[in-house]
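Beneath this line is the structure, given in structure tokens, with notes to follow.
In the text below, chain A, chain B and the rest are named by the order of the sequence lines, each starting its count at 1.
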Protein chains: 2
Amino acid sequence: MALGNRKGTNAKLRSAAFKRVRADHSAELAGDYVEMIADLIDDHGEARCTDIAMRLGVANATVVKTLKRLTDQGLVTQEPYRAIFLTGEGWKLAEDGKRKHQIVEQFLLALGVPADTAKIDAEGIEHHVSADTLKAMAKFVSRNPFHSR
Amino acid sequence: MALGNRKGTNAKLRSAAFKRVRADHSAELAGDYVEMIADLIDDHGEARCTDIAMRLGVANATVVKTLKRLTDQGLVTQEPYRAIFLTGEGWKLAEDGKRKHQIVEQFLLALGVPADTAKIDAEGIEHHVSADTLKAMAKFVSRNPFHSR
DNA sequence: TAGAAAGTTTAGCATAGGCTAACTTATATG
DNA sequence: CATATAAGTTAGCCTATGCTAAACTTTCTA
């Protein structure tokens, strides 16, 4: 019975894990877009469709469609044929994402992962890191600023 | 010019990163399914639709549809109304996934992340970890078997 | 062994996220 | 200022991944 119980608990935990992964995935794209828009505005003063498309490596039309969703979600504002802006909520999401991204990337570097790989892996990992894990990573970075080969 | 160049390179690297994340996502589901099927076969001697559905937290019909794809991809074999089996390639993928999963989970534990969180985060992170990063994680685990609070 | 329960499959629908091609608008230049 | 080019938009297509409801097998049990 103890065994049966452990299995049951485990199954519940696992299905919860998969559910969270799926939820992370839907949130992921929004995060990537607002981060990128924020970067573009900081660097160039404005964010344009074409830049986003190029940097994400997707077609222009894909960006247009996605931006419509993000507008509906209240993260972005835009007028036809004009540059794209972030709402307050959009900025907040972008800041959170950037912070997370930086911690994960710094962490991978501190762990001894090569710079290019760290950049690429951080992009995938950042959206699946809980607050606990992020805190643990930040602590590690602060104790091992350079990688400890 | 040096700056322009750095930017260009960066943009290319980033779009490559996003492309890899998208590729990871399509591979992810297949990995989760074969891992789970392997676990079920190990535990129960066979893998059934319902178990997979329950453990993944999705509807039965979703599993059926996905299994069809996996069969087409040569990872799985099945006959109508019968249990599900893995092909050689399916087993290989499952083993690789399990190994990766274990390293990531052990790593998070060694880093000081609580057990439940480690389990959940590992599920999301495992599919976005390159060989380099996995090696760095394994090394860390071997040097810090218990978390260094 | 017949019928109920459990499990599997099919059909049909929805959304997200890709794409290309054709069209419209804005901008830059001769 | 007229027009060529660049940028943004629309339409229509595709696949992956989810769902529910209904139909069909298999298996268990009375």
Find the distance [X]:[atom1] to [N]:[atom2] and express it as a whole number of Å.
X: E28(B); N: dA16(C); atom1: CD; atom2: P; result: 19 Å
X: R82(B); N: dT26(D); atom1: CZ; atom2: P; result: 6 Å
X: L29(A); N: dT17(D); atom1: CG; atom2: C1'; result: 15 Å
X: I84(B); N: dT8(C); atom1: CD1; atom2: C1'; result: 10 Å
X: K65(A); N: dG8(D); atom1: NZ; atom2: C1'; result: 15 Å
X: E46(A); N: dG8(D); atom1: CD; atom2: P; result: 8 Å
X: L56(A); N: dA16(C); atom1: CG; atom2: P; result: 17 Å
X: K19(A); N: dT17(D); atom1: NZ; atom2: P; result: 18 Å

- request: For DNA chain C, determine which residues of residues 68-78 of chain A have any heavy atom closer than 4.0 angstrom to one of its atoms, and list them numerically.
  value: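 Correct list: R69(A).
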Any N/O pairs under 3.5 Å between the protein and nucleotides 1-7 of chain D? List them or say none.
residue : atom : partner : partner atom : Å
dA7(D)  : OP1  : R48(A)  : NH2          : 3.1

Is the shortest side-chain N to carboxylate O distance from [X] to [Y] below 4.0 Å?
X: R20(A); Y: E123(B); result: no
X: D96(B); Y: K92(B); result: yes
X: D39(B); Y: R55(B); result: no
X: D24(B); Y: K19(B); result: no

query: In terms of the angle between their ring planes, are H25(A) and H25(B) parallel, tilted or perpendicular, with boundaries placed at 30° and 60°?
result: tilted
- prompt: For H25(A) and D51(B), take the nucleotide of DNA chain C holding the closest heavy atom to each; which residue's nucleotide lies nearer the 5' end?
  reply: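 Between the two, 5'-proximity favours D51(B).
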message: Determine whether the aromatic ring centres of residues H101(A) and H127(A) are separated by less than 6.0 angstrom.
response: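 Ring centres of H101(A) and H127(A) not closer than 6.0 Å.
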message: For K119(A), is the NZ atom crowded, meaning more than 12 foreign heavy atoms sit under 6.0 Å from it?
response: no
field: Residue-phosphate contact under 4.0 Å: R22(A) side-chain N/O, dG18(D) OP1/OP2
entry: yes
- prompt: Does dG17(C) have OP1 or OP2 sitting under 4.0 Å from an N or O in the side chain of T62(A)?
  reply: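 For dG17(C), OP1/OP2 do not have a side-chain N/O of T62(A) under 4.0 Å.
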Given dG18(C), dG18(D), dT10(C), the nucleotide with the shortest approach to the side chain of V64(B): dT10(C)
message: Could you report the tightest heavy-atom contact between I103(A) and A138(A), atom names first, then the distance?
response: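 Closest approach of I103(A) to A138(A): CG2-N, 4.0 Å.
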query: What about M54(B) and L29(B), same hydrophobic cluster or not, with Ile/Leu/Val/Met/Phe/Trp/Tyr joined at side-chain heavy-atom distances under 4.5 Å?
result: no
